**Q** 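Have a look at this one.
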Protein chains: 2
Amino acid sequence: MKLSKTSGYTIRLLSYMINSDLQVFQAGFLSEKLRIPDKYLRKILTDLSKSGFIKSIRGREGGYVFAKNANKITLWCVIDSIENINNYTGCVLGFGECSEENPCSLHYEYLPVREKLLNFLKTTTIADLKNENIGKF
Amino acid sequence: MKLSKTSGYTIRLLSYMINSDLQVFQAGFLSEKLRIPDKYLRKILTDLSKSGFIKSIRGREGGYVFAKNANKITLWCVIDSIENINNYTGCVLGFGECSEENPCSLHYEYLPVREKLLNFLKTTTIADLKNENIGKF
DNA sequence: ATAAATTACTACCTCAGTATAGCATTTGCA
DNA sequence: TGCAAATGCTATACTGAGGTAGTAATTTAT
Ligand code: SF4
Ligand code: SF4
């Protein structure tokens, strides 16, 4: 499962923040550390700020800080704020309305995979990504 | 996990064929039954034919038939012939080279989900999609 | 006060996936 | 033989994700 580029950048970003000792992060600094296109990352930061995951501090000495506790930020809600979460939780064939009564031919084969994926997205938080032994962000 | 439109169409197509009593299928017929844009589906059929999953019969009374046993056609190899299979088997953050020694922050959280997904794609075949109780294709 | 450092906004460019259109080619049946 | 029914090929248009550029707005250090 590959996330959209934007979602991937965002998770790397938040994961970098939670694994750092710093409190305030500047866009330029982050784009350099994470090797994400500067202007693109800035857009992401602004959006994350609007979504309430981080808080922006404007002006000199400004930057971004977490706006809520990282253990309250699930992968699910991050991805959902960026793209259609249904791309991952909805299903393989992209039917709109699915049910046990009106399944497609893949339904029962895919069900257990879907459960696992759903659970992963709903229960994993940014705080869970804190770890000493990370090689790359 | 949502497949690309093309992959989705393709699996619906093959699944429809394996669940039908007919032997030969015409493009026009399939596009109507599956409500897939005619010209687009024709392109897919030609590609599937080139990939060797189905065989085309040209001329009057022509159409398409399975070129190999459906229990030899895994979701994996179908998807792989259409788009980059790495979109699903490769990982969340889209890093090129991943290893236990050089993991990203999501690695250990995602590992079991990935295993499940990989296994699903590698072991599920078109023949497995044969089923009496399918509501939609 | 002013300059420097920072984020916010708007408009545009590019590319791959999706979709459409028209014509060429093959083959069986009347 | 010739027409009709089918697939094959090529060129074009549309759309949204990804990415770039320039300018405006905000705040603090000096
Ligand atoms: S597998 Fe089930 S939930 Fe997914 S598209 Fe098919 S019917 Fe819907
Ligand atoms: S989760 Fe593991 S395999 Fe996936 S991108 Fe991260 S390091 Fe690579």
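Computed from a predicted model, the values in this text were never measured in an experiment. Numbered from 1 within each chain, the chains take letters A, B, ... in sequence-line order.
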**Q** For the NZ atom on B:Lys43, are there more than 12 heavy atoms of other groups (residues, nucleotides or ligands in this structure) within a distance under 6.0 Å?
**A** no
**Q** Could you check how far CD of B:Gln26 sits from P of D:dA4, rounded to whole Å?
**A** 18 Å
**Q** Under 6.0 Å from the NZ atom of B:Lys130, do we count more than 12 heavy atoms belonging to anything else shown?
**A** yes
**Q** Less than 4.5 Å apart, side chain to side chain, heavy atoms only: is that true for A:Glu83 and A:Thr6?
**A** no
**Q** Below 4.0 angstrom, which residues in residues 78-91 of chain A have at least one non-hydrogen atom near DNA chain C?
**A** none
**Q** Output the rounded distance in Å from CG (B:Leu41) to P (C:dT18).
**A** 14 Å
**Q** Touch check for A:Gly28, heavy atoms < 4.0 angstrom, all strands: base, sugar-phosphate only, or nothing?
**A** nothing
**Q** Can a donor-acceptor pair be found, under 3.5 Å and without considering hydrogens, that links the side chain of B:Thr123 to the backbone of B:Asn119?
**A** yes
**Q** Below 4.0 angstrom from OP1 or OP2 of D:dG8, is there any side-chain N or O of B:Thr46?
**A** yes
**Q** For A:Arg42, is there any backbone N or O sitting under 3.5 Å from a side-chain donor or acceptor partner on A:Thr46?
**A** yes
**Q** Quick one: does B:Asn87's side chain have a donor or acceptor within less than 3.5 Å of a partner on A:Met1's backbone?
**A** no
**Q** Using whole Å, what does the distance between atom P of nucleotide C:dA8 and atom CG of A:Leu48 come to?
**A** 11 Å
**Q** B:Asp47 has an atom CG; how far is it from atom C1' of D:dT10, in whole Å?
**A** 14 Å
**Q** For residues 101-109 of chain B, which side-chain N or O atoms pair as donor and acceptor with protein atoms under 3.5 Å away, sequence neighbours left out?
**A**
{"residue": "B:Ser105", "atom": "OG", "partner": "A:Ser15", "partner atom": "OG", "Å": "2.7"}
{"residue": "B:His107", "atom": "NE2", "partner": "B:Glu100", "partner atom": "OE2", "Å": "3.2"}
{"residue": "B:Tyr108", "atom": "OH", "partner": "B:Glu100", "partner atom": "O", "Å": "3.3"}

**Q** For B:Lys50, which contact category applies under a 4.0 Å heavy-atom criterion: base, sugar-phosphate, or nothing?
**A** sugar-phosphate
**Q** Output yes when a side-chain donor or acceptor of B:Ser51 lies under 3.5 Å from a complementary backbone atom of B:Asp47, and no otherwise.
**A** yes
**Q** If I take atom CG in residue A:Leu30 and atom C1' in nucleotide C:dT7, what distance separates them, rounded to the nearest angstrom?
**A** 13 Å
**Q** Where along nucleotides 25-30 of chain C does protein come under 4.0 Å, by heavy atom, of base (B) or sugar-phosphate alone (S), with - for untouched nucleotides?
**A** BBBBS-
**Q** Start with the C-alpha distance between B:Ile79 and B:Trp76, add both sets of side-chain angles, then the distance that settles side chain to side chain contact (heavy atoms under 4.5 Å, CB included), and finish with yes or no.
**A** CA-CA 5 Å; B:Ile79 295 170; B:Trp76 176 291; over 6 Å; no
**Q** For the pair made of NZ in B:Lys55 and P in D:dG8, what is the distance, rounded to whole Å?
**A** 13 Å
**Q** Should the pair B:Tyr110 and A:Phe120 be assigned to parallel (<30°), tilted (30 to 60°) or perpendicular (>60°) ring geometry?
**A** tilted
**Q** Does the B:Arg114 side chain pair with the main chain of B:Cys91, one donor and one acceptor, at a distance under 3.5 Å?
**A** no
**Q** Classify the nucleic acid contact of A:Ile57 as base, sugar-phosphate or nothing, counting any heavy atom under 4.0 Å across all strands shown.
**A** sugar-phosphate
**Q** Using modelled atom types and a 3.5 Å cut-off, is there a donor and acceptor pairing between side-chain atoms of B:Asp128 and backbone atoms of B:Thr125?
**A** yes
**Q** To the nearest angstrom, how far is B:Arg42 atom CZ from C:dG22 atom P?
**A** 14 Å
**Q** Please state how far atom NZ in B:Lys43 lies from atom P in D:dG8, giving the value in whole angstrom units.
**A** 12 Å
**Q** Which letters describe nucleotides 13-23 of chain D, given B = protein heavy atom under 4.0 Å from base, S = only from sugar-phosphate, - = neither?
**A** -----SBBBBB
**Q** Going by heavy atoms closer than 4.0 Å, what residues in residues 12-20 of chain B are next to DNA chain D?
**A** none
**Q** Show, in sequence, the C-alpha distance, side-chain angles and deciding distance for A:Tyr64 and A:Phe25, and conclude whether the ring pair (Phe, Tyr, Trp, His ring centres under 6.0 Å) test is met.
**A** CA-CA 5 Å; A:Tyr64 298 91; A:Phe25 300 83; 9.4 Å; no
**Q** Please set out all donor-acceptor pairs under 3.5 angstrom arising from side-chain atoms of residues 52-60 of chain B, sequence neighbours excluded.
**A**
none

